[in-house]
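The next block holds one structure in the form of structure tokens; read it before the comments.
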Number of protein chains: 2
Amino acid sequence: MPRIRDDRFDCSPGCTVEGTLRYIDGKWKGVVLYHLFEGTLRFNEIRRRLPNCTQRMLTNQLRELEADGLIARKIYPQVPPKVEYSLTPRGRSLEPVITALKTWGDANVALGPQTSQAAA
Amino acid sequence: MPRIRDDRFDCSPGCTVEGTLRYIDGKWKGVVLYHLFEGTLRFNEIRRRLPNCTQRMLTNQLRELEADGLIARKIYPQVPPKVEYSLTPRGRSLEPVITALKTWGDANVALGPQTSQAAA
DNA sequence: GCACATAGTGTCGAAAAGGATACCGTCATG
DNA sequence: CATGACGGTATCCTTTTCGACACTATGTGC
């Protein structure tokens, strides 16, 4: 129940813009999706790619993405637990959107004071 | 000083996605930009298009957009004040992004329980 | 018996975002 | 004189978001 969706389209035309935004907004969702475009990943694999995201936050974001039908969560009933995350078709359909965001960002977002390519 | 930008690209690859997001995120920014794509608008013209946005919020969002160099604010020193908002080239360059968001949203965001066309 | 890895959950608190409401000065209109 | 349009501010409050930190269960290796 992290956020209320689809119930306050009180913004007049352009709503679907905000609507889309609500799916990919949230501190880490964009990046998580971005990484999942590369393929299925396990929880800790994602985690290692986001060293500054806490476990709790990652869980939250993944849960929201799952609730939104953008990613799928597959649990293997093993004893060191194993959970894989992958994109659903709906999630994959976001690719052009993420790409558009990335394209604009690459051109317009100065990567801060850093070296402008060291986004490790 | 509403938010810190360009100083916490602590997210590893995909940063520019989040970076772009930070520009257009904020409850009403998407819609404001959307309306400004149509052309220059005065403060109250925008306001009338966003009946559920308070004056304070609108001012805030416009200020942030201006600070980000996405819109320009032109003040006419008249006595019933007149202020016009328009897109800068940088702002206009966001058009493909907003379009991508809108395209996906139109296809994937059910406009809630409402009539699905009465987004007035 | 101990630590480690996996994939989480629970609780707490700070900070940011968003919203409600009231107020400002100026001029024109009634 | 009061009201309204214009483009805002100022103040207060609530909600949401984010982050720190500790804790869980189970099985393996030492």
Side-chain angles (χ1 to χ4, degrees), chain A residues 1-11 18 21-32 36 40-68 71-86, chain B residues 1-5 7-11 18 21-32 35-36 40-68 71-86:
Chain A
M1 303 93 254
R3 54 174 61 189
I4 301 128
R5 292 168 216 278
D6 296 34
D7 75 337
R8 48 183 319 188
F9 286 91
D10 49 2
C11 50
E18 298 283 341
L21 243 8
R22 242 170 258 152
Y23 285 101
I24 58 185
D25 183 31
K27 190 83 187 291
W28 304 96
K29 288 196 195 168
V31 207
V32 169
L36 285 179
T40 299
L41 291 173
R42 296 182 56 175
F43 185 81
N44 273 358
E45 288 177 330
I46 302 175
R47 205 150 114 75
R48 275 188 283 271
R49 282 167 170 75
L50 307 176
N52 298 299
C53 179
T54 63
Q55 200 166 26
R56 199 184 73 92
M57 274 310 293
L58 182 54
T59 306
N60 283 353
Q61 304 291 290
L62 289 169
R63 289 295 189 286
E64 290 193 20
L65 290 168
E66 190 195 0
D68 287 335
I71 65 174
R73 182 159 171 266
K74 180 164 184 185
I75 306 158
Y76 295 81
Q78 301 178 352
V79 114
K82 175 174 174 182
V83 179
E84 282 185 349
Y85 291 92
S86 57
Chain B
M1 304 96 253
R3 53 174 62 191
I4 301 125
R5 293 168 215 279
D7 75 336
R8 48 181 319 188
F9 287 90
D10 51 359
C11 49
E18 297 285 341
L21 243 7
R22 242 172 258 151
Y23 285 102
I24 57 184
D25 185 29
K27 191 83 187 290
W28 304 96
K29 288 194 194 167
V31 206
V32 169
H35 284 293
L36 285 178
T40 299
L41 291 173
R42 298 182 54 174
F43 184 82
N44 273 357
E45 288 177 329
I46 301 174
R47 206 151 112 77
R48 275 188 285 271
R49 282 165 170 77
L50 307 176
N52 298 298
C53 179
T54 63
Q55 201 166 24
R56 196 184 75 93
M57 275 310 293
L58 182 54
T59 305
N60 282 353
Q61 304 292 289
L62 289 170
R63 288 296 189 285
E64 290 193 20
L65 289 168
E66 189 195 0
D68 286 335
I71 64 173
R73 182 158 171 267
K74 179 163 185 186
I75 306 159
Y76 294 81
Q78 301 177 352
V79 111
K82 175 174 172 181
V83 180
E84 281 184 350
Y85 292 92
S86 57

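Every chain is numbered from 1 and lettered A, B, ... according to where its sequence line falls, protein lines coming before strand lines. Just so it is clear, the values below take in all heavy atoms, side chains as well, and ignore hydrogens, waters and symmetry mates. All values reported here derive from a predicted model rather than from experimental measurement.
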Donor-acceptor under 3.5 Å (B:E84 side chain, B:R73 main chain)
no
Keeping B:E45 on the side-chain end and B:R42 on the backbone end, is there a donor-acceptor pair under 3.5 Å?
yes
Report which part of the nucleic acid B:P81 touches: base, sugar-phosphate, or nothing (heavy-atom distance under 4.0 Å, all strands).
base
Using a heavy-atom cut-off of under 4.0 Å over every strand shown, decide if B:Y85 touches base, sugar-phosphate, or nothing.
sugar-phosphate
If you compare every side-chain N and O of [X] against the phosphate oxygens of [N] (OP1, OP2), does one of them come in below 4.0 Å?
{"X": "B:R47", "N": "D:dG8", "result": "no"}
{"X": "A:W28", "N": "D:dT17", "result": "no"}
{"X": "A:R73", "N": "C:dG8", "result": "yes"}
{"X": "B:K82", "N": "D:dA5", "result": "no"}
{"X": "B:R63", "N": "D:dG8", "result": "yes"}

Please tell me if the side chains of A:Y85 and A:V32 come closer than 4.5 Å, counting only heavy atoms from C-beta onward.
no
Measure distances between side-chain N and O atoms of B:R42 and base N and O atoms of D:dG7, and say whether any donor-acceptor pair falls under 3.5 Å.
no
Classify the side chain of B:Q55 and the base of D:dG7 as holding, or not holding, a donor-acceptor pair under 3.5 Å.
yes
Quick one: B:M57 CE to C:dT21 P, roughly how many Å, whole number?
16 Å
Round to the nearest Å and state the distance from B:I75 atom CD1 to D:dG7 atom C1'.
10 Å
Applying side chain to side chain contact (heavy atoms under 4.5 Å, CB included) to A:N52 and A:W28, what does each step give before you reach the verdict?
CA-CA 10 Å; A:N52 298 299; A:W28 304 96; 4.0 Å; yes
If each of B:R56 and A:V83 is mapped to the nucleotide of DNA chain C with the nearest heavy atom, which maps nearer the 5' terminus, i.e. the 5' end?
A:V83
